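Everything numeric in this text was worked out from a predicted model, so none of it was measured. Below, chains carry the letters A, B, ... as their sequence lines are ordered, and counting in each starts from 1.
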Amino acid sequence: MTLSEDTLRRIDEVITHYPVKRSAALPLLHLVQEEKGFIAPEAVAWIAQKLGLEPINIHELVTFYPMFRQKPIGRRHIKVCRTLSCAIMGGYRTCAEFQRQFGTELGAVSPDGEVTVEFVECLASCGTAPVVMIDDELHEKVGPEKARELSERIKAEAKR
Amino acid sequence: MAAPEQKRMIFRHIDEPGYTNDLACYQRNGGYEVMRKAFQRKPEELIDEVKKSGLRGRGGAGFSCGLKFSLVDRKSGKPIYLVVNADESEPGTFKDRYIIHKDPHQLIEGIMIACFANKVERTFIYIRGEFPDGAKILEKAIAEARAAGFCGPNTLGSGYGCEIYVHRGAGAYICGEETGLIESLEGKRPYPRIKPPYYPAVLGLYQCPTIVNNVETLCHVKHIADMGGEAYAKIGTPNNTGTRILCVSGHVQRPGYYEFEVGKVTMGQLLNEVCGGPLPGRTFKAVIPGGSSAKVLRFGERFKGKRKAGAEMVEYDWGVEDIPMDFDSLAMIGSMGGSGGVIVMDDSVSMVEALGNINAFYSHESCGQCTPCREGSLWMKKITARMVHGEARPEDGALLKSVADQIAGRTICAFGEACAWPTQSFIAKFGDEFKGYGAGKAQRPQGAAELV
Ligand SMILES: Cc1cc2nc3c(=O)[nH]c(=O)nc-3n(C[C@H](O)[C@H](O)[C@H](O)COP(=O)(O)O)c2cc1C
Ligand code: SF4
Ligand code: FES
């Protein structure tokens, strides 16, 4: 596996934060996923070796923590909150609208390769429900109308 | 009675126009002056101030912060760690988000005072993975503070030094439970540890004595160091001191965050006056007062008994609207203040469907170590999902209750209770709705929000 200079530098830096190397497992997984888009088997082996662990010690994290994925996703990641405060304010309709816009199933890559739409649990922004995270950005009070606007924007960016 | 004014201490600057999250702005507003003074005092004195303040943890359990500081094993010779719980994952809770994004230096100042008081030299802020911007903001704020000598080696020229690191989680609710959090910080699956023997105060991070505190709790420590424990204890009500941020979500006109002296505002004042009451044409049906794990309250039910008022015992007879929003009152009426997340549901919501939504959350988030929790949370989810999408039988409520009753008290961590209480309380208070759900399904209003 090859990683950029910058990622390698950040990996070496973050390991120094901890008195025990193993603690750097999650930070390394985040850094690798940020660059590669997902965690492939060779990434698991690479991180394990870097931290002096067995591959299973890393693999079991990838399968437990919801944010790590073993397969690529669409160019943009649309995460709609599914939990109570968002649901009672219409979160399911918001999610259905995103799916309709991109003609896609939950968790799948849309046919145009643009997005993956997913339900996630409470994003700690319940007061502005329903909320959606697109990649790293939080969008508040996203009803079907706003979901359409956001979808249009993603589609317009894709054309460029 | 009219609702009292908010008392914004932690959220003083949160919505202030022109207030930014950088060091310069924080210092223009008196930032790090409290820490400067605190560093002139003896660490033990600062712990004493926190004890006198009566501060109770704002993360969920409401445990005395001063007591937590004094339980730390200081004889082992091992380093002492402070871990800041910024996992903010209890559904309905969204206060730490604003502290982190809008006033990160307040948190850092609180952390540094707590570290100095407890002789901690390395501290980790465990922030949930879904706050990527929050993590960047904190890292920038720490770098600014470090460059200015407010953390890092030889902090404020005192000879004492402490490093603060940000550690990102990756989307698992159980990382909010303090021992699960510690395992996660050690680079493992966040399987909560069994207590005894793994009390963090003795055998925490790397088997060293560890203090785990919520973000809001540590901000309060700064204000306690500022005004002194006794003055702080005069804010709020006895045994429920200080202010508390209440996060209101769901079916009210003005959802949002509101900071009040603890116990000075009632549920009715909060929902009807502060939050503007129900949505047009609706009435309140139910409210969960302290994050989704807290037992639900039904509008119209009454709570009767005797309570302490000063030295005397007095009778009380409260409706939901009369309950003061403090730890003890909410515990007394059978629920809890928890994390301060108030979730409001109006008469458009089916309680079966709301419980189905909650059950799906807990089933997804159980770490899977304990059979009653792993299997029970899944069964409860499956039963409620079947009721909503398939056949609903009159006896399903009793079945749900029997599953929930076999979880609480039989697990490693308090998640067992957290996943059982919603089911137990929904069935106890809305049992008829569960019985009649199958028969009445056809009459469910068109256009009601889907929940399961
Ligand atoms: C299932 C579960 C989830 C929890 N989630 C959180 C959380 O997201 N944030 C938090 O501060 N405390 C959470 N707690 C409470 C912590 O275990 C711990 O009591 C708290 O961080 C202590 O800090 P405090 O005394 O300052 O409240 C959770 C507890 C349980 C049982
Ligand atoms: S109670 Fe549930 S979440 Fe807690 S340790 Fe057991 S299985 Fe894990
Ligand atoms: S329920 Fe959606 S952000 Fe909390």
Under 4.5 Å from any heavy atom of chain A - which part of [X]:
{"X": "B:Val344", "answer": "backbone"}
{"X": "B:Ile174", "answer": "side chain"}
{"X": "B:Ser348", "answer": "neither"}
{"X": "B:Ser292", "answer": "neither"}
{"X": "B:Arg254", "answer": "neither"}
{"X": "B:Val248", "answer": "backbone"}
{"X": "B:Ile358", "answer": "side chain"}
{"X": "B:Arg189", "answer": "both"}
{"X": "B:Pro190", "answer": "both"}
{"X": "B:Tyr206", "answer": "side chain"}
{"X": "B:Lys95", "answer": "neither"}
{"X": "B:Cys367", "answer": "both"}
{"X": "B:Ala360", "answer": "both"}
{"X": "B:Glu365", "answer": "side chain"}

Under 4.5 Å from any heavy atom of chain B - which part of [X]:
{"X": "A:Arg22", "value": "both"}
{"X": "A:Leu138", "value": "side chain"}
{"X": "A:Ile88", "value": "both"}
{"X": "A:His17", "value": "both"}
{"X": "A:Glu34", "value": "side chain"}
{"X": "A:Thr16", "value": "backbone"}

Of the listed residues ([options]), which shares the most heavy-atom pairs with chain B below a 4.5 Å separation?
{"options": "A:Val120, A:Thr128, A:Leu123", "value": "A:Leu123"}
{"options": "A:Leu53, A:Leu84, A:Leu26", "value": "A:Leu84"}
{"options": "A:Pro27, A:Ala87, A:Pro66", "value": "A:Pro66"}
{"options": "A:Ala25, A:Ala124, A:Cys122", "value": "A:Ala124"}

Practice item. Verify the distance criterion only: is there a donor paired with an acceptor across the side chains of A:Asp6 and A:Ser4 at less than 3.5 Å? Key: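 No, no side-chain donor-acceptor pair sits under 3.5 Å.
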Taking NZ, NE, NH1 and NH2 as the nitrogens, is one of them in [X] or [Y] under 4.0 Å from a carboxylate oxygen of the other?
{"X": "A:Lys79", "Y": "B:Glu130", "value": "no"}
{"X": "A:Arg76", "Y": "A:Asp135", "value": "yes"}
{"X": "A:Lys155", "Y": "A:Glu114", "value": "no"}

Among [options], which has the most heavy-atom pairs under 4.5 Å with chain A?
{"options": "B:Arg168, B:Glu88, B:Glu353", "answer": "B:Arg168"}
{"options": "B:Tyr98, B:Phe124, B:Tyr257", "answer": "B:Phe124"}
{"options": "B:Cys175, B:Gly171, B:Gly187, B:Gly169", "answer": "B:Gly187"}
{"options": "B:His364, B:Glu90, B:Lys188", "answer": "B:Lys188"}

Practice item. Begin from the C-alpha positions of B:Ser339 and B:Thr93 and carry the test side-chain hydrogen bond (donor to acceptor under 3.5 Å, both in side chains) through to its verdict. Key: CA-CA 6 Å; B:Ser339 61; B:Thr93 318; 2.7 Å; yes
Check your understanding: Does NZ or CZ of B:Arg128 come closer than 6.0 Å to the centre of the six-membered ring of B:Phe131, within 45° of the ring's axis?
Key ->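 Yes, a cation-pi geometry holds between B:Arg128 and B:Phe131.
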Practice item. With A:Val142 as reference, evaluate A:Ile78, A:Ile134, A:Leu150 under the side chain to side chain contact (heavy atoms under 4.5 Å, CB included) test and give the passing residue. Key: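 Considering A:Ile78, A:Ile134, A:Leu150, a side chain to side chain contact (heavy atoms under 4.5 Å, CB included) with A:Val142 is found only for A:Leu150.
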Review point. Testing B:Ile80, B:Ile164, B:Thr210 for side chain to side chain contact (heavy atoms under 4.5 Å, CB included) with B:Thr123, which one passes?
Key: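 Per the side chain to side chain contact (heavy atoms under 4.5 Å, CB included) rule, the option paired with B:Thr123 is B:Ile164, out of B:Ile80, B:Ile164, B:Thr210.
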Check your understanding: What pairs with B:Asn85 under side chain to side chain donor-acceptor pair (under 3.5 Å), at least two apart in sequence or on another chain?
Key ->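 Scan of B:Asn85 (side chain to side chain donor-acceptor pair (under 3.5 Å), adjacent residues dropped) gives none.
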Check your understanding: Between B:Ser377 and B:Cys419, which heavy-atom pair has the shortest distance, and what is it?
Key ->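 Result for this residue pair: CB-SG, 4.3 Å.
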Exercise for review: Might you point out which heavy atoms bring B:Ser249 and A:Cys126 nearest each other, and give the distance in Å?
Suggested key: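 Nearest heavy atoms, B:Ser249 then A:Cys126: CB-O, 3.4 Å.
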Check your understanding: Crowded around A:Glu145 CD? As in, over 12 foreign heavy atoms under 6.0 Å?
Key ->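 Incorrect, the count does not exceed 12.
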**Study point:** More than 12 heavy atoms from other groups under 6.0 Å of CD on A:Glu54
**Key:**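 Atom CD in A:Glu54 is not crowded, with 12 or fewer foreign heavy atoms closer than 6.0 Å.
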Practice item. Measure centre to centre between the rings of B:Tyr173 and B:Phe361, then say whether the value is under 6.0 Å. Key: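 Here the rings of B:Phe361 and B:Tyr173 have centres that are less than 6.0 Å from each other.
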Check your understanding: If we only count heavy atoms from C-beta on, is the B:Val84 to B:Val215 side-chain gap below 4.5 Å?
Key ->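 A side-chain contact exists here, since the closest heavy-atom pair is under 4.5 Å.
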Point to revise | Distance in Å, A:Glu42 CD paired with A:Lys36 NZ, rounded so as to fall on 0.5 Å steps | key: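 It comes to 8.0 Å.
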